[in-house]
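This report refers to the structure that appears directly beneath it.
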Number of protein chains: 2
Amino acid sequence: MVNTITRRQQEIYDFLVENLDDFSHPPTLDELCMALGLSSKGSLHKQIQALIEAGLVEPMNNLRRGIRLTEHQQQEEDMLPMLGYIAAGRPIEVIEQQESIQVPESLRTSKPCYVLQIKGDSMIDEGIFDGDFIVVEKRSQARNGSIVVALVDNSEATLKRIEQKPGKVTLHPANSDFKPMHYKPDQVDIQGVLVGQMRRYH
Amino acid sequence: MVNTITRRQQEIYDFLVENLDDFSHPPTLDELCMALGLSSKGSLHKQIQALIEAGLVEPMNNLRRGIRLTEHQQQEEDMLPMLGYIAAGRPIEVIEQQESIQVPESLRTSKPCYVLQIKGDSMIDEGIFDGDFIVVEKRSQARNGSIVVALVDNSEATLKRIEQKPGKVTLHPANSDFKPMHYKPDQVDIQGVLVGQMRRYH
DNA sequence: GCCTCCAGTTCTATTCAGGTTCTATATTAG
DNA sequence: CTAATATAGAACCTGAATAGAACTGGAGGC
């Protein structure tokens with residue numbers, strides 16, 4: 001059942017995923033040809049057919065209602081991978097089998113993001129509690145003042161406000177019980193920037 | 001069972017959604033034909049029939065009362081109404097034109113919910129900050145210990161942890177600068193129970 | 001009760017546009 | 001080279017959309 005698709009077919013599929021919203025209605029083969037810069041709908045038809053067999057596009061059994069993606073594909077739109085747990089002072093605890101979690105668009109950025117769950121109270125002064133979910137944009141740099149997921153000395157992960165100066169990196173914990181920590185730049189590996197947070201009460 | 005709709009049918013439906021208000025009464029087939037530039041109500045009837053089967057238009061079983069849409073709001077499955085702002089000590093500030101906001105299923109309950117945005121720092125010790133969005137389940141009762149949206153003396157709304165005893169209601173603010181307040185049961189009107197919270201950092 | 005009107009329904013025929021099939025040619029990979 | 005993949009282009013097939021006419025049945029008037 002799992003039919004491999006060619007590179008070109010992948011390209012076309014990616015195009016569909018990205019641009020399907022631009023069409024007011026599901027596009028016809030001709031319209032898609034136009035959009036893709038092709039001039040033969042016959043060729044495109046063959047590609048689409050392959051995508052249908054791969055289960056990525058809804059089959060149109062002699063019906064004329066335009067090209068549509070399969071239901072399965074479009075509802076994963078607002079899911080992000082839930083990678084694991086972060087507890088101050090320990091490495092990120094990765095979940096063996098990766099889960100997904102629904103994240104509203106407003107809590108993420110257009111860049112790749114992932115979700116971690118908080119263990120412990122190290123960020124309590126920032127209003128980030130034990131059990132909260134945080135949305136992190138995958139990046140290796142950050143602006144001063146951002147809250148980052150940082151891996152220190154390749155061994156312990158923390159969620160802290162960062163302050164970078166030439167030759168010196170300071171991580172400010174948001175719990176007044178702890179003091180800011182100073183490091184050399186090569187000790188600190190930024191793994192992402194905090195962009196959202198969610199908590200459930202029930 | 002889910003009947004796929006044809007392109008033209010989608011067009012007609014879109015037209016209905018957009019222009020139905022322009023008619024003083026639900027339009028007849030003939031009127032709609034006129035508006036759509038068609039000259040055969042027979043053809044239009046067939047399209048409408050398809051929309052009825054798709055559940056988008058109310059069936060009219062041999063009655064003559066014009067075309068009506070079904071109250072079918074299911075397309076915005078994970079949207080909740082954003083009603084307004086809540087600031088401790090003032091009534092809820094209602095937004096004039098109601099907006100919607102996307103809320104993950106995990107942050108809401110199966111009961112009716114709505115969203116408010118926090119103004120001020122009255123819940124800061126609970127990790128609920130100025131600007132945060134809270135998800136509230138619409139209820140008029142709550143269990144002790146829940147955080148509720150309560151309207152006190154019909155004039156000021158607050159987000160507080162509730163403790164109900166016979167003849168006495170205590171609201172515990174989560175900011176240590178303030179003291180718990182005691183009321184008579186008929187002074188406090190519960191408007192909902194906190195079930196989720198979201199914050200954005202970018 | 002009967003009649004008329006008219007919105008809604010049913011039917012058929014016709015046209016048309018969107019999907020399908022095919023062949024030929026170009027391009028790329030192995 | 002050969003094989004696999006892409007593209008162009010034409011021919012074709014058929015469901016969808018339309019027009020038009022005829023039928024149905026409920027509402028209202030008499």
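The chains referred to below are lettered A, B, ... by the order of the sequence lines, with proteins before strands, and numbering in each begins at 1.
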Under 3.5 Å, which N/O atoms of the protein pair with N/O atoms of nucleotides 11-16 of chain D?
| residue | atom | partner | partner atom | Å |
| --- | --- | --- | --- | --- |
| D/dT14 | O2 | A/R64 | NH1 | 3.0 |
| D/dT14 | O2 | A/R64 | NH2 | 2.8 |
| D/dG15 | O4' | A/R64 | NH2 | 3.3 |
| D/dG15 | N2 | A/R64 | NH1 | 3.1 |
| D/dG15 | N3 | A/R64 | NH1 | 2.9 |

- Rounded to whole angstroms, how far apart are CG on A/L29 and P on D/dT7? 14 Å
- Message: Tell me the interatomic distance from B/M60, atom CE, to D/dT24, atom C1', rounded to whole angstroms.
- Response: 15 Å
- Message: Do the side chains of A/E31 and A/K41 get close enough for a salt bridge, i.e. N-O under 4.0 angstrom?
- Response: no
- Query: Can B/R199 be said to sit on top of B/F129's aromatic six-ring, NZ or CZ under 6.0 Å from centre and within 45° of the ring axis?
  - Reply: yes
- When the distance from CG of A/D30 to P of D/dG9 is rounded to whole Å, what number comes out? 13 Å
- When you check the phosphate oxygens OP1 and OP2 of D/dG9, does a side-chain N or O of A/S39 lie under 4.0 Å from one of them? yes
- Message: So that I can tick it off, tell me whether A/E163 and A/R161 are bridged by a salt bridge, with the cut-off set at under 4.0 angstrom between side-chain N and carboxylate O.
- Response: no
- Query: Any Lys/Arg nitrogen of B/E137 or B/R143 sitting under 4.0 Å from an Asp/Glu carboxylate oxygen of the other?
  - Reply: no
- Message: Within this structure, what is the CG-CZ distance for the pair A/L32 and A/F23, rounded to the nearest 0.5 Å?
- Response: 5.0 Å
- Derivation and outcome, side chain to side chain donor-acceptor pair (under 3.5 Å), residues A/D132 and A/Q117: CA-CA 6 Å; A/D132 284 10; A/Q117 193 171 13; over 6 Å; no
- Leading and trailing nucleotides of DNA chain C with any atom under 4.0 Å from heavy atoms of chain A: C/dA17 to C/dT21
- Item | Distance, rounded to the nearest Å, where A/M34 contributes CE and D/dA8 contributes P | 12 Å
- Calculate the interatomic distance between A/I12 atom CD1 and D/dT5 atom P; express it in whole Å. 14 Å
- Backbone N/O of B/E58 and side chain of B/T70: donor-acceptor pair under 3.5 Å: no
- Take atom CD1 of A/I48 and atom P of D/dA6, then tell me their distance rounded to the nearest Å. 12 Å
- Query: Hey, does the side chain of B/S146 reach the backbone of B/V148 with a donor-acceptor pair shorter than 3.5 angstrom?
  - Reply: no
- Task: Under 4.0 Å between any heavy atoms, over every strand shown, what does B/L38 touch: base, sugar-phosphate, or nothing? Just pick one.
- Result: sugar-phosphate
- Query: Just by distance, with hydrogens left out, do A/Q197 and A/E126 show a side-chain donor and acceptor under 3.5 Å apart?
  - Reply: no
- Task: Could you check how far NE2 of A/H45 sits from C1' of D/dT5, rounded to whole Å?
- Result: 17 Å
